[in-house]
Amino acid sequence: KQPRIMAKLRQFITMPIKQQTLIKYFFIIFFIIHWTACTLRLLTSFAVGECRPKGSDKHSGLPFDDECARTYLNTHRRWGQGPWSQYASAIIWSIGAMSGEAYLPANMEETVLNTLVMLMGIVVMAFLVGELSNILGNFDPVGNEFEQTVDNLSSYLESNQYPEMLRLKLREYVLLSEPIYREKYYIELMKQFSPSLRITVANFQLSHYVANIPFFAFAIQRGCGFEEGAIMDVQVIPEPTNDPDDVPELEWRRATIVAADPMTEGYEVAYHDGHSTNESKVSVNRLKPVDQRLHHRMVHINRMRRKFVGDFALNLEPMLFMPGDSIIEANWSRCDSLYLVTTGTCVVIKERLNSMFDIRLRHYGSTIGGDISTLLIAGEKRRLRHYDCKAHNAVQIYKMSDDDFLELMRNENYADFARTIKYFGFCMLLKMLTFRQMERATASGLTLKEHFATLEAANPFRPEELTPKASKPARIKLA
């Protein structure tokens, strides 16, 4: 039971293992030094006994008569100066003995004690030096790997005689990418957890990112089946308190769904009590259906959502873009990646086809590349993207590749999500193709109907018009 008890105790200790090791050896050394000092004081008391200098007080601290036994404490005039003076002198002797010095043992008892303490000091110091070397060498394995990478880059640049400006740019990128090294290390660490813990950690860290993906928010809304006019109980957000032990009770208010935003997991609700106006951007997690059928359906969707986020997190790759780097280039980059912005700001240009001047900033928690959902209905064709995206400053993002996305959508457990996301991608692709043809029709000076007629006439695979079949003569049935 001891390992389980120690594991139970250690789970409440958040101090790093390195600091725990240092504190452990500090107490071991202090324990040995303290009891060695006490033993030295006890041996001195036995050796001296009642022997005191003639004509002096027993606490005078004067030299002893020649008949009294000689010890370290009475030789240095500490015996008659009180217990704290004796303790301090004994501590000094213990430290010297433990560090390997034969610290002037005055008699046989002190010689034996000095030898024993010296042996214990050698063993303890050997373990301490080994632990310290291990700690200093592996105190930060990710940092050590990163520093080694920086040194290797410097050697590579110097051996190939790169220009000074290019060296500065490369070193700046590598130095700013240290969080990426750590994030990759933590992702590999998360893969070693049990499935349930991995799902819990992924939802805690990435649930707000996934909630902002347009096609996933649409899948959640369609999966829950919350339509306009549905009656819900909305959880009231508790007021923040400074007392960590104060756990507020859950409070619910009856409301009706007024509108739903298909691009986010947000609803607009109208409360029945009339004490407040409508509230917008109410997440699904705060809603509790009054209808039991919707309630069971919501429980199923939330369960599938948690597992989806857990699998989604394992396929993310952290990346870093420097200011001015192109993340997506219009008519050049393929629809093969989904990006989640973690830090920094991105500039997205002309993502909306119905706007001539469409410039948007994407910050923490935003999504770029939601059109990856069109791969589900385009025969997995990686078409060219129609918009640009550049890094405004140093941007850290999570990237999911198209292969990982399609593999996740093929999972039979997420068939409901895949069907809804496929419908979302179909609508998005139809909208993009329609606006693309409208641009071409406007450039040609034609209406959209005339432009489609021109395309139909130029289609080489258009089936030829079939000649009408000759009608058969009507048969008259005589009585």
Side-chain angles (χ1 to χ4, degrees), residues 176-177 179-180 183-184 186-187 202-221 260-268 280-286 305 308-330 333-355 357-375 385-402 404-405 408 417 420-421 424-425 427-428 431-432:
L176 289 176
S177 63
I180 305 300
E183 196 65 31
K184 290 180 179 180
Y186 296 145
I187 290 177
N203 279 270
F204 175 78
Q205 185 178 1
L206 298 174
S207 59
H208 56 285
Y209 292 107
V210 180
N212 292 328
I213 301 177
F215 58 78
F216 183 75
F218 179 76
I220 293 294
Q221 286 192 354
D261 187 358
M263 303 300 289
T264 60
E265 291 186 34
Y267 294 88
E268 183 179 356
S280 59
K281 296 183 180 180
V282 179
S283 64
V284 179
N285 298 330
R286 293 177 55 196
R305 170 187 175 175
F308 180 86
V309 173
D311 293 338
F312 187 89
L314 297 178
N315 297 315
L316 296 178
E317 178 186 1
M319 297 184 65
L320 174 68
F321 289 91
M322 299 297 293
D325 286 354
S326 294
I327 302 175
I328 297 176
E329 296 186 37
S333 299
R334 295 285 177 177
C335 182
D336 57 358
S337 301
L338 175 68
Y339 303 99
L340 307 178
V341 182
T342 58
T343 60
T345 304
C346 301
V347 181
V348 182
I349 304 174
K350 204 176 179 180
E351 185 178 10
R352 288 187 173 184
L353 293 172
N354 58 349
S355 177
F357 304 100
D358 181 37
I359 300 178
R360 296 185 175 189
L361 298 179
R362 298 295 175 86
H363 305 281
Y364 164 80
S366 302
T367 304
I368 305 171
D371 51 351
I372 196 175
S373 59
T374 58
L375 297 179
R385 280 174 164 159
H386 62 275
Y387 55 92
D388 291 286
C389 180
K390 291 188 176 182
H392 180 66
N393 45 31
V395 180
Q396 296 180 18
I397 62 174
Y398 286 120
K399 175 186 175 182
M400 170 174 277
S401 65
D402 50 354
D404 294 333
F405 172 75
L408 187 61
F417 280 172
T420 309
I421 294 174
F424 183 91
C427 296
M428 178 176 286
K431 180 180 178 181
M432 289 189 296

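Being a predicted model, the structure only gives us computed values, none of them experimental.
One finds the NE2 atom of His386 at 10.0 Å from the SG atom of Cys335 (value rounded to the nearest 0.5 Å). Atom CD of Glu317 is separated from atom CD1 of Ile180 by 9.5 Å, given to the nearest 0.5 angstrom. Atom OG1 of Thr374 sits about 8.0 Å away from atom CZ of Arg385, to the nearest 0.5 Å. Atom CD in Gln205 sits 10.0 Å away from atom OG1 in Thr342 (nearest 0.5 Å). Summarising the geometry, atom OH belonging to Tyr387 is positioned 12.0 Å from atom CZ belonging to Arg360; distances are rounded to the nearest 0.5 Å. Between Asp325 atom CG and Cys346 atom SG the span is 10.5 Å, to the nearest 0.5 Å.
Side-chain contact between Ile220 and Arg305: present, with at least one pair of heavy atoms (C-beta onward) separated by less than 4.5 Å. Annotation: side chain of Leu340 is not in contact with side chain of Leu206 (no heavy-atom distance under 4.5 Å). Looking only at side-chain heavy atoms (C-beta outward), Pro318 and Gln396 stay at 4.5 Å or farther from each other. Looking at heavy atoms from C-beta onward, Val395 lies out of side-chain contact with Leu320 at the 4.5 angstrom threshold. Taking the side chain as every heavy atom from C-beta outward, Ile397 and Ile368 never approach each other to under 4.5 Å.
You'll find the ring centres of Phe216 and Phe312 outside the 6.0 Å limit. Checked against a 6.0 Å centroid threshold, the rings of Tyr209 and Tyr364 count as neighbours.
Heavy atoms only, all atoms of each residue included: Met322 and Ala391 are closest at O-CB, 3.4 Å. Across all their heavy atoms, Ser373 and Phe215 have their closest contact at CB-CD2, 4.0 Å. In terms of heavy atoms, Phe417 sits closest to Ala219 at CD2-CB, 4.0 Å. Minimum interatomic distance between Val347 and His392 (heavy atoms only, all atoms of both residues): CG2-CB, 4.0 Å. Taking both residues in full, the closest heavy atoms of Asn212 and His208 are given as ND2-O, 3.1 Å, listed atom of the first, atom of the second, then distance. When all heavy atoms are compared, the tightest approach of Asp336 to Ile372 is C-CD1, 4.3 Å.
Put simply, the side chain of Asn393 gets close to the backbone of Thr345: a donor and an acceptor are under 3.5 Å apart.
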